[in-house]
Amino acid sequence: MKHELEELLARAVARLREQGLLPDEGELPAPSVEPARDPAHGDYASNLALVLARAARRPPRELAEALLTALPPSERVERVEVAGPGFLNFRLAPAAWQAVVTEVLAQGPAYGTSSLGGGRPVQVEFVSANPTGPLHVGHGRGAAYGAAVASLLEAVGYRVHREYYVNDAGRQVDILALSVWLRYLEALGEPVAFPAGGYRGGYVAEIADALRRMEGEALRRAAAEVEEGLPPDAPDGDKEARLDALVARGRALLGEAAWRRVAELAGERVLEGIRRDLEAFGVRYDAWCSERRLVEGGAVARAVERLREAGHAYERDGALWFRASAFGDEKDRVLVRESGQPTYFASDVAYHLDKVERGFERIIDVWGADHHGYVPRLRAALQALGVDPQRLEVRLVQFAVLYRHGRKVQMSTRSGQYVTLRELLDEVGRDAARFFYVMRRAEQHLDFDLDLAKRQSADNPVYYVQYAHARICSVERQLREQGLERDPGRGERHLHLLREGHEVALLRLLARYPEVVEAAALAREPHQVAHYLRELAQAFHTYYNAHTFLVEEAGLRDARLNLVFAVRQVIRNGLGLLGVSAPEAM
RNA sequence: GCGCCCGUAGCUCAGCCGGAUAGAGCGUUGGCCUCCGGAGCCAAAGGUCAGAGGUUCGAAUCCUCUCGGGCGCGCCA
């Protein structure tokens, strides 16, 4: 609807240009039409005349009149008028609104989708948490947001590839392996003081049990032997140095092969848990990309080499640096450490280069907001490699703070004191979690009220929307119980009877849905869909309370049923985009 | 110290590529069930859009500064 009006305006502009009322050369702003906020302003309004006033060097109102005259007639538009400082207000013919019901029912699940993206490939990488422990509620937000953005892009016609980057190379994995091995030794009666920087979660001990079942006592070493001559742990010493020394000692005592077995077991177990949690959360991926594969396959070395060949890398203090400061970053960054080990940054450059080479025109990364300082260096690297840095789009997601009984739930990753995504799912359920996570703009801090998420009442927006859906299903059941026959064709022929204020409000909302999906997809803002659904549900509940659908008169009854079934379809489609179910009964 | 994000009703937030009287939910107060599910509906009260300048015909929206909150400034990931 919106686009049709914009098309009419574009033709009016073209005509005015022919008449010399508008400058013939140069780009003019594209006409834009918005749903009118105030019903007194009609159904849609355009500020085109105000926007063009300067270029045309004419008063906005005069220009608006000219546009009005030049506007081609349309049977869907009942009236257009100039108002206020120069707005064009459109009032649509009632039939234009009523037709949306038939459109929704005909398109079904496809209503709201479009081909805007033209099948262009887009990659969305999200969550990508280190496989060193279970996902927590912070990752949950990234998961819900990333999945919703991916669905939205798919809905508007992009070919979307969902990917999880697994940081399985690097020091963190060794620390996990170490933590598991120490728990294993402990269980065998060789207690080594657990390092301050080790992973303490219960899952570590579980993996240690598995290790014992697989390896028996083969990896047992005397505690004294493990600790002998190591630097002190925090608070007296440096906990990082202690960790590195423990890892080195473990490697030496077990041998590289055995150490790798421990590390792989631990990494796989944790990743398996992450996969299961995401699955339960309704989040699916097309690919899981392993950092270790990039390193071992030489992709990282190649990326580093390309930077060096392009003259953007140099050696200093025994390390290899990338000249990031030449590409807008605040300082240069290390690619290869003094030790010869590539940094995380180096593999990330390789990974993003790989994304580009795989042909993704647009690369969307969803990161925790604490990584924001990392964006400029990655962009810098892409630019240095001759890739347009605009192709990389980083979406930052702020943390979620849980509230229980009105109090903040304290969390700290370090001590392992955090609420896992799994626990959240067990407590509030998948639907409430998914919806709550995307209710707010991603870059806004989220206060997650656990009590509200569990509440089964109108205060809870998830239930409120789902209830509207279930209620419509209930109407359908009621229809059968009353022995009434529904005839959709008869409903379609009687859509002109839908003239009540509540009905018109619903029609307008239904017509707006595709615009909401499009706007939400382009802005990467699933919260727009959540807000829209609440609005739609409210309009439905209001209608439900004000009018009976199952009336005697068959024509009106079927028209109303067509309307509410269209509402049901849109609720289902919208909830689907957010990963929330649409129950038939509650 | 530098950089990024944020500050809108008692609370949680929309609105932010400038546009017509600043919206919603919760909470508060008062109403609505012989009627398709009351997990619902209706109504009222509630605002110096953090503050100060600037740009503009027009600023919650753009720019500058100040104040307040969060995050980041590793050869960690």
Side-chain angles (χ1 to χ4, degrees), chain A residues 29 32 34 36-38 40-41 45-47 50-51 53-54 59-60 83-87 89 128-130 132 167 169-173 175 197 240 291 316-321 330-331 333-348 368-376 396 398-399 401 403 406 439-441 443-449 452 455-461 463-464 466-468 470-479 481-482 484 523 525 527-528 530-531 534-535 537-538 540-551 557 560-561 564 585-586:
Chain A
S32 111
E34 298 295 328
R37 249 186 266 164
D38 185 337
H41 298 145
S46 175
N47 66 351
L50 293 126
V51 174
R54 191 164 311 187
F87 290 98
N89 290 339
S128 297
N130 290 339
T132 54
N167 294 125
R171 181 166 174 264
Q172 300 304 317
V173 178
I175 297 174
E240 304 300 336
E291 180 187 7
R316 192 179 77 201
D317 306 331
L320 186 71
W321 295 69
E330 51 189 34
K331 54 178 96 159
R333 309 291 175 176
V334 172
L335 287 165
V336 182
R337 299 184 187 105
E338 213 176 337
S339 67
Q341 285 292 306
T343 56
Y344 168 87
F345 173 56
S347 37
D348 225 7
D370 53 336
H371 287 60
H372 70 77
Y374 197 77
V375 181
L396 300 172
Q398 290 287 343
F399 290 124
V401 181
Y403 283 83
M439 242 172 12
R440 306 288 175 230
R441 283 168 61 214
E443 55 270 32
Q444 190 76 247
H445 291 268
L446 174 72
D447 286 340
F448 196 121
D449 185 336
L452 177 62
R455 212 173 300 156
Q456 307 202 349
S457 70
D459 330 350
N460 185 339
Y463 280 86
Y464 187 77
Q466 288 182 320
Y467 180 48
R471 239 182 175 178
I472 297 167
C473 293
S474 171
V475 169
E476 189 173 26
R477 287 189 292 270
Q478 190 65 34
L479 174 79
E481 277 169 35
Q482 294 186 14
L484 294 170
E525 292 186 346
H527 77 268
Q528 293 191 27
H531 282 272
R534 208 205 48 74
E535 214 179 315
Q538 179 173 51
F540 167 74
H541 286 309
T542 300
Y543 179 41
Y544 182 95
N545 266 57
H547 298 281
T548 303
F549 311 150
L550 302 178
V551 292
R557 183 177 69 229
R560 287 184 168 171
L561 286 172
V564 298
M586 301 172 69

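By convention in this document, chain letters (A, B, ...) are assigned in the order of the sequence lines, proteins followed by strands, and residues within each chain are numbered from 1.
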Sugar-phosphate only, base, or nothing, as touched by A:Asp449 at under 4.0 Å among non-hydrogen atoms: nothing
Sugar-phosphate, base or nothing in reach of A:Gln341, heavy atoms under 4.0 Å: nothing
Whichever of A:Gln398 and A:His527 has its nearest RNA chain B nucleotide further upstream toward 5': A:Gln398
Side-chain (A:Thr343) to main-chain (A:Leu335) donor-acceptor, under 3.5 angstrom: yes
Test item: A:Ser474 side-chain N/O and A:Ala470 main-chain N/O as donor-acceptor pair under 3.5 Å: no
Aromatic ring of A:Tyr464 stacked on base six-ring of B:A39, 5.5 Å, 30°: no
Please report, rounded to the nearest Å, how far the [atom2] atom of [N] is from the [atom1] atom of [X].
X        : N     : atom1 : atom2 : result
A:Arg333 : B:A77 : CZ    : P     : 13 Å
A:Glu443 : B:C71 : CD    : P     : 17 Å
A:Asn47  : B:G18 : CG    : P     : 9 Å
A:His531 : B:C13 : NE2   : C1'   : 7 Å
A:Arg440 : B:G25 : CZ    : P     : 13 Å

Any N or O donor-acceptor pair linking the side chain of [X] to the base of [N] at under 3.5 Å?
X        : N     : answer
A:His445 : B:G69 : no
A:Asp370 : B:A77 : no
A:His372 : B:C71 : yes

Listed nucleotide nearest any side-chain atom of A:Gln172, set B:C75, B:C76, B:G37: B:C76
Report yes if at least one side-chain N or O of [X] is closer than 4.0 Å to OP1 or OP2 of [N]; otherwise report no.
X        : N     : answer
A:Arg441 : B:C6  : yes
A:Thr542 : B:C42 : yes
A:Lys331 : B:G74 : yes
A:Gln444 : B:C13 : no
A:Arg534 : B:U12 : no

C1' gap between B:C41 and B:C4, integer Å: 45 Å
P spacing across the pair B:C17 / B:C63, given as an integer number of angstrom: 11 Å
Glycosidic conformation of B:C33, taking syn as within 90° of 0 and anti otherwise: syn
Dot-bracket line, read 5' to 3' along RNA chain B, where crossing pairs take [ ] and | marks a partner on another strand, Watson-Crick or G-U under 3.5 Å: (((((((..((((.....[...)))).(((((.......))))).....(((((..]....))))))))))))....
